[in-house]
*Asks:* 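Below you will find the structure I want to go over with you.
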Amino acid sequence: MIEYRNLRIALLGAGAVGAQVAALLLEHGDELASRVGAGLELVGVAVRDLDAPRSTEIPRELLTTDARSLILGADIVIELMGGIEPAREYLMLALNSGADVITANKALLATHGPELFEEAEQVGAQLYYEAAVGGAIPIIRPLRDSLAGDRVHRILGIVNGTTNFILDRMDREGDSLEEALAAATELGYAEADPTADIEGFDAAQKAAILASLAFHTTVPLDMVHREGITAITHEQVRSAREAGFVVKLLAVCERVTDPETGVEGVSARVHPALVPQSHPLAAVHGANNAVFLEAEAAGSLMFYGAGAGGIQTASAVLGDVVSAARRHVIGGPGVAESTNADLPILPMSSVVTRYQITLQVADRPGVLAKIATLFSDHGVSVEAVQQSVRPDAAHGSAAYPGHSIPEPTATLVIGTHEATEGSLADTVVALGASDAVVEVTSVLRVEGTV
Ligand SMILES: NC(=O)c1ccc[n+]([C@@H]2O[C@H](COP(=O)([O-])OP(=O)(O)OC[C@H]3O[C@@H](n4cnc5c(N)ncnc54)[C@H](O)[C@@H]3O)[C@@H](O)[C@H]2O)c1
Ligand SMILES: N[C@@H](CCO)C(=O)O
Ligand code: NA
């Protein structure tokens with residue numbers, strides 16, 4: 001039996017992920033030690049309440065409410081408390097005391113990442129965060145290491161399990177958004193307050209992290225355009241299916257050249273989008289996550305699996321523990337983030353995308369021509385128009401002047417060619433204001449087409 005020097009590991013937080021990390025470290029510590037070349041000793045677990053029920057049994061003598069003392073005696077600190085403070089303060093304390101740190105805290109990284117990375121670089125420590133995006137799915141290390149020699153062009157990610165579960169239920173079970181959300185809550189996917197998931201805040205934090213890593217820059221959270229799924233209707237999901245699409249909440253991170261100014265930069269955005277049923281992301285069901293990326297040399301790659309869950313996320317945390325511990329054995333400085341790419345973060349209006357717009361229009365001569373003019377006035381080229389007439393539809397307020405019978409309306413589904421988000425958005429505003437249009441019933445971007 002080889003005798004190893006023990007590395008002292010402090011765990012902060014013993015909730016869904018933390019309790020699983022503690023259990024796996026205690027159970028598989030010897031096996032991991034042989035992979036690392038050093039013993040891994042869980043020296044303590046900082047909790048708020050010593051007597052709170054936990055999903056796994058943690059020996060009472062390991063529990064403490066004194067996180068600061070625990071941190072100061074550790075070689076590796078794992079933060080699984082969540083939230084901004086005191087997580088930020090504890091990680092800074094850990095880095096300053098010479099410890100390497102591991103966190104799953106996307107909210108903290110998306111808002112205070114640069115400060116933490118800079119501190120880690122200053123003190124020559126490591127900061128690992130594989131669990132922060134895509135849970136168990138390896139995506140941070142592939143971007144940071146495996147693809148460091150390539151040039152990533154674009155990332156399309158399903159990075160929030162709760163919203164993917166909801167949209168998938170609406171598509172495959174015919175649920176309304178409310179019914180699907182209730183099912184997500186019952187199954188434990190959605191939080192008691194699901195706002196961060198359904199309004200896209202969680203996905204936006206992950207988009208900021210992915211875009212920063214992929215493009216070797218810093219993408220501030222407030223530069224990530226964000227739309228959630230709360231306005232998505234059952235009707236939109238059903239029509240999407242009929243037209244060969246599925247609705248997904250996507251994080252889109254890409255290199256962008258503003259067509260008007262010629263400025264090259266990057267953008268990150270989160271919004272619902274129509275994805276062709278033939279795209280690999282369309283086959284991501286339930287609460288799973290996937291990150292589809294396109295790189296110059298590697299071509300298309302997809303990373304798929306469990307984006308959440310206590311034990312699944314613990315797998316990513318333990319991978320980081322092994323990496324951090326190996327460097328303790330080998331020595332040398334930590335891996336610095338490369339954030340020196342000279343790429344501005346461009347606003348949403350510079351992004352080039354495609355829209356699918358559904359309109360209720362008055363069914364009378366000249367309406368189509370009027371609508372076509374609105375598109376061309378904004379420099380937007382129409383790719384396809386589909387019309388269905390519902391003469392009996394007393395939709396909206398349109399009525400023949402002076403008559404009580406409602407004017408017949410038609411449904412127009414208009415797919416555009418690529419155009420800047422700015423001109424597409426202006427076109428939608430002009431459509432809404434036109435007397436030819438009774439109602440703009442749906443506007444969705446189309447992503448993942450070639
Ligand atoms: N649950 C998942 O599937 C998942 C997936 C990926 C990433 N994450 C991230 O992992 C982190 C932990 O998530 P979780 O689901 O385990 O959360 P959780 O709420 O289940 O657990 C957090 C635990 O930390 C404890 N805590 C909070 N503040 C503390 C303090 N000051 N001192 C000591 N303990 C404190 C809480 O009491 C709680 O037990 C979060 O940053 C989360 O975003 C979670
Ligand atoms: N609430 C998140 C957890 C994982 O970060 C989700 O639904 O994906
Ligand atoms: Na991950």
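All ligand and atom numbering here is 1-based and tracks the order in the structure. Model, not experiment: these values are computed from the prediction.
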*Asks:* Pairs of nitrogen or oxygen atoms closer than 3.5 Å, one from D197 and one from ligand 2: do any exist?
*Replies:* yes

*Asks:* Which ligand 1 atoms are under 4.0 Å away from a heavy-atom of P86?
*Replies:* 31 (N)

*Asks:* Could you tell me, atom by atom, which parts of ligand 1 come under 4.0 Å of a heavy atom of G82?
*Replies:* 40 (C), 41 (O)

*Asks:* Ligand 1 versus K106, non-hydrogen atoms closer than 4.0 Å: side chain, backbone, both, neither?
*Replies:* side chain

*Asks:* Does A67 come within less than 4.0 Å of ligand 1, judged by its heavy atoms?
*Replies:*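 Contact check A67 vs ligand 1: negative.
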
*Asks:* For atom CD of E173, is the number of surrounding heavy atoms from other residues, nucleotides or ligands below 6.0 Å larger than 12?
*Replies:* yes

*Asks:* For ligand 1, which part of A46 has a heavy atom less than 4.0 Å away: the side chain, the backbone, both, or neither?
*Replies:* backbone

*Asks:* Among protein heavy atoms, which sits nearest to atom 12 (C) of ligand 1, and what does the distance come to when rounded to 0.1 Å?
*Replies:* L80 O, 3.4 Å

*Asks:* Report, as yes or no, whether the 6.0 Å neighbourhood of atom CD on E383 holds more than 12 heavy atoms from other residues, nucleotides or ligands.
*Replies:* yes

*Asks:* How far is atom 15 (O) of ligand 1 from its nearest protein heavy atom, and which residue and atom name does that atom have?
*Replies:* A16 CB, 3.6 Å

*Asks:* By number and element, which atoms of ligand 1 are closer than 4.0 Å to a non-hydrogen atom of G309?
*Replies:*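 Going through ligand 1 atom by atom, the ones under 4.0 Å from G309 are 2 (C), 3 (O).
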
*Asks:* In degrees, rounded to 10 degrees, what angle do G135 atom O and E130 atom O make at the Na ion (ligand 3)?
*Replies:*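 Seen from the Na ion (ligand 3), O and O are separated by roughly 90°.
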
*Asks:* Are the aromatic rings of F165 and H285 close, with centres under 6.0 Å apart?
*Replies:* no

*Asks:* Nearest to atom 44 (C) of ligand 1, what protein heavy atom do you find, and at what distance?
*Replies:*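 It is V17 CG2, 3.7 Å.
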
*Asks:* Check this for me: E61, atom CD, are more than 12 non-hydrogen atoms of other residues, nucleotides or ligands nearer than 6.0 Å?
*Replies:* yes

*Asks:* Do any N/O/S atoms of I137 come under 3.0 Å of the Na ion (ligand 3)?
*Replies:*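 Yes - counting backbone and side chain alike, I137 has an N, O or S atom under 3.0 Å.
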
*Asks:* Test of understanding: given a 4.0 Å heavy-atom threshold, classify the contact between V47 and ligand 1 as side chain, backbone, both, or neither.
*Replies:*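 It is the backbone that gets close, since no side chain atom is under 4.0 Å.
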
*Asks:* For ligand 1, which atoms, with element, lie under 4.0 Å from some heavy atom of G13?
*Replies:* 24 (O)

*Asks:* T162 heavy atoms, cut-off 4.0 Å: which ligand 2 atoms fall inside?
*Replies:*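 So the answer, numbered in order with elements, is 6 (C), 7 (O).
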
*Asks:* Can you find a side-chain donor-acceptor pair between T257 and E264 that sits under 3.5 Å?
*Replies:* no

*Asks:* Are L12 and ligand 1 in contact, using a heavy-atom cut-off of under 4.0 Å?
*Replies:* no

*Asks:* Which protein heavy atom lies closest to atom 10 (O) of ligand 1, and at what distance to 0.1 Å?
*Replies:* A104 CB, 3.4 Å

*Asks:* Do the side-chain N and O atoms of E85 and Y90 include a donor-acceptor pair separated by under 3.5 angstrom?
*Replies:*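 Short answer, no.
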
*Asks:* Applying side chain to side chain donor-acceptor pair (under 3.5 Å) as the test, list every pair that has at least one member in residues 213-225; sequence neighbours left out.
*Replies:*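 Sorted result for residues 213-225: H216-S338, H225-E227.
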
*Asks:* Before giving the answer on salt bridge (charged side-chain N to carboxylate O under 4.0 Å, His left out), spell out for D202 and R226 the whole-Å C-alpha distance, their side-chain angles and the decisive distance to 0.1 Å.
*Replies:* CA-CA 10 Å; D202 175 78; R226 177 193 54 78; over 6 Å; no

*Asks:* Verify the distance test for P138 against the Na ion (ligand 3): any N/O/S atom under 3.0 Å, yes or no.
*Replies:* no

*Asks:* Under 4.0 Å from a heavy atom of A308: which atoms of ligand 2 are those, numbered in the order shown and with their elements?
*Replies:* 3 (C), 4 (C)

*Asks:* Would you check whether G307 has a nitrogen or oxygen atom less than 3.5 angstrom from a nitrogen or oxygen atom of ligand 2?
*Replies:*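 Min N/O separation from ligand 2 is not below 3.5 Å for G307.
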
*Asks:* Flag Y189 as yes when one of its N or O atoms lies below 3.5 Å from any N or O atom of ligand 2, and as no otherwise.
*Replies:* no

*Asks:* Using a distance-only test with no angle check, is there a side-chain donor-acceptor pair under 3.5 angstrom linking N160 and K206?
*Replies:* no

*Asks:* Under 4.0 Å from atom 31 (N) of ligand 1, is there any protein heavy atom?
*Replies:* yes

